[in-house]
Chemist: 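Before we start, here is the structure in question, set down as structure tokens.
From a predicted model like this one, the values you see are computed outputs, not experimental measurements. Every heavy atom of this structure was used, including side-chain atoms; hydrogens, water molecules and symmetry mates were not.
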Amino acid sequence: NSTVVASGPGTATNNRKGQQTTSTVTVPAGANAIYITNTVAGGGGGLRGQEHKDVGEQPGDGGGGGAGITSAYFTVAAGETLTFIVGHGGNDNTVSWSSEGGYTQNTNVTDGTGGTTSLSGSSTGNIFTLTGGTVGTSPNNGGAFKSLMQDNPGTGGTVTFNTTPLSSGTTTAGDSVSSASSSNGSDGADGPAVGENQRGAGGAGGNSGLGSGSGAGSPASGALLNGSDGTLGGGGGGGTAQNTPAITSIVSSDGDITFTGNSGSSLGGLGGHGQIQYQFVRVV
């Protein structure tokens with residue numbers, strides 16, 4: 001009856017980009033159910049802030065939180081193979097301006113959405129699916145340099161029970177089986193626009209379906225920071241809009257993105273990694 005954890009990486013590394021980790025386990029003899037607790041999909045990444053010319057400044061928005069399950073019992077068959085898929089956190093979204101074509105806005109959201117976390121059995125079939133939070137976004141060619149960046153906070157992931165959870169019974173260890181508890185992730189927050197050459201705070205990331213994990217947006221005062229990374233399925237925070245004086249180098253927390261030279265804005269944070277935590281039991 002020991003608790004086992006199948007999880008994505010717990011720290012920011014170069015492979016935290018909405019990818020997934022897959023593992024398998026055989027249901028032990030005597031077990032007829034799996035108890036799922038503290039299980040979550042990956043959080044979405046935050047959006048970089050952006051400076052503008054003569055129209056104000058636009059901080060970045062936060063990423064959405066991944067969906068989560070805090071307790072659920074599902075029927076499984078002894079001897080079958082279960083496949084655990086655990087979503088990693090999404091990458092932060094960078095925004096840049098190109099002087100070609102009249103300063104069009106460019107964005108990169110590759111792997112920004114948090115990875116899906118799911119469970120399936122070789123004989124039971126699909127058991128549940130938790131989608132990751134999406135990344136804070138800015139549309140390609142969203143406007144001229146002298147118009148504010150058009151951005152959207154990331155949205156929270158959703159819960160799907162492919163198999164109906166158990167709602168009654170008692171385990172051989174004496175634990176009562178109750179109805180499953182789950183929640184969709186929260187949406188990220190908007191980083192509101194500010195006046196010309198003002199430093200505006202980035203929006204916070206959304207909480208995961210576990211009720212926590214959101215990364216803070218980059219602050220409007222004090223030490224210069226990127227948006228904070230989410231933890232355990234939370235969305236990454238958005239970057240600040242304007243830095244005075246401009247910073248000469250900014251690096252994402254996973255080291256993937258490095259800007260050198262004068263930069264008027266900071267980066268968003270990464271989404272928090274996912275996890276599946278489980279325990280095999282026998283329900284009578």
Chemist: Is any side-chain heavy atom of Asn91 less than 4.5 Å from a side-chain heavy atom of Leu270?
Modeler: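 Answer yes - side chains close enough.
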Chemist: Taking the side chain as everything from C-beta on, heavy atoms only, tell me whether Ile127 gets closer than 4.5 Å to Ile36.
Modeler: no
Chemist: Working to the nearest 0.5 angstrom, can you tell me the gap between Ile34 CD1 and Thr163 OG1?
Modeler: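 Rounded to the nearest 0.5 Å, the CD1-OG1 separation comes to 11.5 Å.
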Chemist: How about Thr75 and Leu166: do any of their side-chain heavy atoms sit closer than 4.5 Å?
Modeler: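 Thr75 vs Leu166: side chains touch.
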Chemist: Rounded to the nearest 0.5 Å, what separates atom OG1 in Thr83 from atom CG in Asn126?
Modeler: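 Answer rounded to 0.5 Å: 10.0 Å.
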Chemist: Are the side chains of Tyr278 and Val25 in touch, meaning some heavy atoms are under 4.5 Å apart?
Modeler: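 Counting from C-beta outward, Tyr278 and Val25 do come under 4.5 Å.
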Chemist: Start with the C-alpha distance between Ser138 and Asn93, add both sets of side-chain angles, then the distance that settles side-chain hydrogen bond (donor to acceptor under 3.5 Å, both in side chains), and finish with yes or no.
Modeler: CA-CA 9 Å; Ser138 171; Asn93 181 9; over 6 Å; no
Chemist: Starting at CD of Gln19, measure out to NE2 of His273 and round the result to the nearest 0.5 Å.
Modeler: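 Answer for the CD-NE2 pair, Gln19 versus His273, is 15.0 Å.
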Chemist: How long is the span from the CG atom in Asn32 to the CZ atom in Phe74, to the nearest 0.5 Å?
Modeler: 14.0 Å
Chemist: State, with a plain yes or no, whether a side-chain heavy atom of Asp175 is found less than 4.5 Å away from one of Val281.
Modeler: no
Chemist: To the nearest 0.5 Å, what is the distance between CG (Leu47) and OG1 (Thr107)?
Modeler: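 Spacing of CG (Leu47) from OG1 (Thr107) equals 6.5 Å.
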Chemist: In the single-linkage hydrophobic clustering (I, L, V, M, F, W, Y; side-chain heavy atoms under 4.5 Å), do Ile69 and Ile276 co-cluster?
Modeler: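 Cluster IDs for Ile69 and Ile276 match.
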Chemist: Between Tyr35 and Tyr73 (judged by ring centroids, cut-off 6.0 Å), do the two rings come close enough to count as a pair?
Modeler: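 Here the rings of Tyr73 and Tyr35 have centres that are less than 6.0 Å from each other.
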Chemist: Output, in order, the C-alpha distance, side-chain angles, deciding distance and verdict of side-chain hydrogen bond (donor to acceptor under 3.5 Å, both in side chains) for Thr155 and Thr134.
Modeler: CA-CA 5 Å; Thr155 57; Thr134 67; 3.1 Å; yes
Chemist: Side chains of Gln20 and His88: closer than 4.5 Å at any heavy-atom pair?
Modeler: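 Contact flag for Gln20/His88 side chains = no.
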Chemist: How far apart are the C-alpha atoms of Ser253 and Asp229, what are their side-chain angles, what is the distance that settles it, and do they pass the side-chain hydrogen bond (donor to acceptor under 3.5 Å, both in side chains) test?
Modeler: CA-CA 8 Å; Ser253 60; Asp229 294 343; 2.7 Å; yes
Chemist: Can you tell me which residue pairs pass the side chain to side chain donor-acceptor pair (under 3.5 Å) test with a partner in residues 179-192, sequence neighbours excluded?
Modeler: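 The answer is Thr70-Ser181.
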Chemist: Hey, does Ser265 have a side-chain heavy atom less than 4.5 Å from the side chain of Gln58?
Modeler: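 They are not in side-chain contact.
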Chemist: Report the distance from atom CG of Leu267 to atom CG of Leu225, rounding to the nearest 0.5 Å.
Modeler: 11.5 Å
Chemist: Closest heavy-atom contact between Leu82 and Phe280?
Modeler: CD1-CE2, 3.7 Å
Chemist: Can you name the one residue among Thr131, Val86, Ile85 that meets side-chain contact (heavy atoms from CB on, under 4.5 Å) with Thr116?
Modeler: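 Going through Thr131, Val86, Ile85 one by one, the side-chain contact (heavy atoms from CB on, under 4.5 Å) with Thr116 is satisfied by Thr131 alone.
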Chemist: Any side-chain heavy atom of Ser218 sitting closer than 4.5 Å to one from Asn226?
Modeler: no
